[in-house]
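Notes follow the structure.
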Amino acid sequence: MCYTSNMSELKLTLIQGGLNSSIPHARKRFVSAYVTNTRLMGVLAVYAHWAVKDAGDIHQFFYIDCEETGLETCTVYRGDWNIEMQMAEQALIGGLGAEKIPITANTFRWLLNYWRDFNLKNNIPLPKNRDDYEFIFSKPAKLSESEQASLMDKICGEIWNDYQVVNYFLMRCFGRDYAGAAYVAEEGVPLDIFDDYHRTTFCKNIIDPSGERPHEYISESLVETNGIYETIITRTYVRDLKVAGFEYCNKSAVTDTEAAIMLRKTEFATVYELLMYEDDIEENLGEFVLNTNTVVTTHPNGRLLMAYKPTNAHVAERVFMLSNDVKGVYFLSKNRQLIVVAYDRRDIEEMELSLASSPLKSYLLMTGQYELLDPVLFEFINSDYTDFQSFLGPVE
């Protein structure tokens, strides 16, 4: 999955391609690089910093979709590290629950070559701004088998319980990501049992012991393909944090209404009036975004700041929901109403505390707190209403 942000809202200058006609041929010195440890979530973000002779520094951000599109984007900034690049980095990795794993120049080149070859093998277009990254492939890079295995360990992150193993395995299988699925399975376990599923989203999974032997589990998975929902029942046997046995049991159709009920969450909402002029909002919003690990998107009636949890620990839970990587949402409407929503009481309290220690604290007037059994924020965002409390109507 890809998280994007409307950087123009924060007056950032993005340089994509066309840096300078001499850049592809100029002498470049590798400074540093990192890759995220999100391989089992099906995505990777990669960053590299180069010093270019007589042309300053360049900073490359790559987004890799390990399931479908491979090496998907390359965004390049030029100059000293600054808030624009910090915002770009957060827009790229803020929603991944990632740690940044430092890598060497050789590992960086090998990794980019691996995913370029993935694109070429599968006839997937590479990012168009080739002058920004083509020089990476001019120098060969090799990793031994043990070095490749070590890199895979690092980019897959730590696995500490059976629930993670089952959830990651099913997620990778539904994504037809055989390399990812194989990482959490013993040799010989079938990986292609869901090959008929294309662009499928692994929405929810409930894991229970089978009752027949230790470490064997029955999973009820809710998946969505092209707007169609199904529940899939599987049996998984885990041995030493690896899938040692796997069996498909059955499936059943699920209506949109049933799926909505299965995915429903309680919303805890706190509403504020932001007593600040628009220019002052712009001046302070960037700092708030960076301090709260949020990713910004723009809507017709305001801006949405999606706050993500710092890790993917939700994959280690018995009941997995794809959306549980979200801590909560800040929505700043065009009439300067700030709506804070979370799906857990502790999270809403922490988000309120974040506001109380932010540059916005002196300009906030709380006007309401709500516990809503049916989620309504995104309905409000897509409505013609400008006031959230008017949208809610009378609340008992």
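These figures come from a predicted structure and were not determined experimentally.
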Chi angles and distances behind the side-chain hydrogen bond (donor to acceptor under 3.5 Å, both in side chains) call for T292, K327: CA-CA 10 Å; T292 53; K327 184 181 186 69; over 6 Å; no

Summary of ring-ring contact (aromatic ring centres under 6.0 Å, His included) pairs that have at least one residue in residues 235-267, sequence neighbours excluded: F169-F246

Gap separating the CG atom of L126 from the SG atom of C74, nearest 0.5 angstrom: 10.5 Å

Derivation of the side-chain hydrogen bond (donor to acceptor under 3.5 Å, both in side chains) call for D195 and Y178: CA-CA 10 Å; D195 262 13; Y178 306 127; 2.3 Å; yes

Heavy-atom check, side chain of E84 versus side chain of N82, under 4.5 Å: yes

Residues which pass side-chain hydrogen bond (donor to acceptor under 3.5 Å, both in side chains) with E134, listed by chain and number, not counting sequence neighbours: none

Backbone of N37 reached by a side-chain donor or acceptor of E99 within 3.5 Å: no

R199, R176, H198 screened by side chain to side chain donor-acceptor pair (under 3.5 Å) with E68, the one that passes: R199

Listed partners of S146 passing side-chain hydrogen bond (donor to acceptor under 3.5 Å, both in side chains), at least two apart: S144

Plane angle bin for H49 and Y47 - parallel if under 30°, tilted between 30 and 60°, otherwise perpendicular: tilted

Spacing of CD1 belonging to I381 relative to OG1 belonging to T297, to within rounding of 0.5 Å: 7.5 Å

Electrostatic pair E89-K100, nearest N-O below 4.0 angstrom: yes

Residue pair Q60 / I136, side-chain heavy-atom distance below 4.5 Å: yes

From NE2 (H59) to OH (Y77), nearest 0.5 Å: 11.0 Å

Salt-bridge present (E147, K142; N to O < 4.0 Å): no

Geometric class of the F391/Y385 ring pair [parallel <30°, tilted 30-60°, perpendicular >60°]: perpendicular

Side-chain donor or acceptor of E224 paired with backbone N/O of N226 under 3.5 Å: yes

